[in-house]
Amino acid sequence: MSRPVSNPRHGRMRNLLSIADLGPDVAAGIGEVMTLTDSFVEVSERTIPKVPALRGRTVVSLFFEDSTRTRLSFETAAKRLSADTMNFSVSTSSVKKGESLRDTIETIEAMGVDAIVVRHASAGVPRQVAQWATSAVINAGDGWHEHPTQALLDCYTIRQRFGDIAGKRIAIVGDIRHSRVARSNVAAFTALGADVTLVAPPTLLPPSLEGWPVKVSTDIDAVLPTVDVCYLLRMQRERMTEALIPSIREYSNRFGLNEKRAELLPDHALIMHPGPMNRGVEIDAAVADHPNTVIVDQVRNGVAVRMAVLFLLLGSGTTWGGEADV
Ligand code: CP
């Protein structure tokens, strides 16, 4: 059983594996998700935050890596669209008895599902799943590769505060090397016309930045006064196989956003983080609770953005560039 991965040029999006799947005009694809998200934010604010848009559809969460935000917000999004949900927990599944990924996908699909939300520690697994599956596949984070719905909710959060992302100066600070969030965000922010600067020690940058339309700096104190958004990344110690920094304390001293450093930011600048945060490492506890910090907004918007993505993949009648009736 195989099917092509998404090809938006041939009609509606079939999978969301990377930001590039949003269409040949990525900015237009993101714009469509943003517009639809506005509708689902309104739905989420109702007394009964539920619409029948995906009644009869089934969404399964297939998480081979830990998650709080992504997993719960996809589940909430599916339920608010009246879809049925199935949760797959690797630790209590037959994967533990040696069942292969392919057999796991075929088993789940035999039960009748319409969308598979996949997180895996290895880059490329969602694309592989999409080649085996007949259901729509959504990448909920694969290794160092991409986390497209995180980038969409980040775009929505910036747009909500500033109205537009074009021309905004965004610093992405920290462990870029291991970050799927950074890869999806660079693709999305630059497609929308933002000016992106990566700020990290050289050892925490990707081995090659060829094709990345970004500036690079190792001097966070010089960059902070120039930005509209300071986007902090978690130090992904679970993906580090070698010592890339002298110590966490040294990293925190040189790159962490402490209260003194946060004063360098312009008054209007947003502080963002995909979560989970390591308070005291990349962000001080007091800065995490700063009025310009929009981390809770990011999480809140994640539900409506994921409703929009599920609706675009599974809903009836809308295509890229079309009107949605939610
Ligand atoms: N931002 C994010 O992906 O968080 P979780 O790991 O909690 O899903």
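Counting starts at 1 for both ligands and their atoms, in listed order. These numbers come from the heavy atoms of this one structure, side chains and all, not from hydrogens, waters or symmetry mates.
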- prompt: Would you call Glu65 a ligand 1 contact, heavy-atom distance under 4.0 Å?
  reply: no
task: Would you mind checking if Asp175 and Arg234 are paired as a salt bridge, meaning a charged N to carboxylate O distance below 4.0 Å?
output: no
field: Donor on one side chain, acceptor on other, Arg306 and Thr149, under 3.5 Å
entry: yes
- prompt: Where does the angle between the aromatic ring planes of Tyr231 and Phe189 fall among parallel (under 30°), tilted (30 to 60°) and perpendicular (over 60°)?
  reply: perpendicular
Whether Gly275 lies under 4.0 Å from ligand 1, heavy atom: yes
query: Is any N or O atom of Gln150, backbone or side chain, closer than 3.5 Å to an N or O atom of ligand 1?
result: yes
Thr68: numbered ligand 1 atoms lying under 4.0 Å from its heavy atoms: 5 (P), 7 (O), 8 (O)
message: Show the atoms of ligand 1 that are less than 4.0 angstrom away from any heavy atom in Thr70.
response: 2 (C), 3 (O), 4 (O), 5 (P), 8 (O)
Residue, atom name and distance, where the atom is the protein heavy atom closest to atom 6 (O) of ligand 1: Arg119 NH1, 2.9 Å
query: Do the side chain of Asp21 and the main chain of Leu17 share a donor and acceptor less than 3.5 angstrom apart?
result: yes
query: Taking the side chain from Arg183 and the backbone from Ser179, do they hold a donor-acceptor pair closer than 3.5 Å?
result: yes
- request: Look at the side chain of Arg159 and the backbone N and O of Ile165, then say whether any donor-acceptor pair between them is shorter than 3.5 Å.
  value: no
- prompt: Among protein heavy atoms, which lies nearest atom 4 (O) of ligand 1, and at what distance?
  reply: Arg69 NE, 3.0 Å
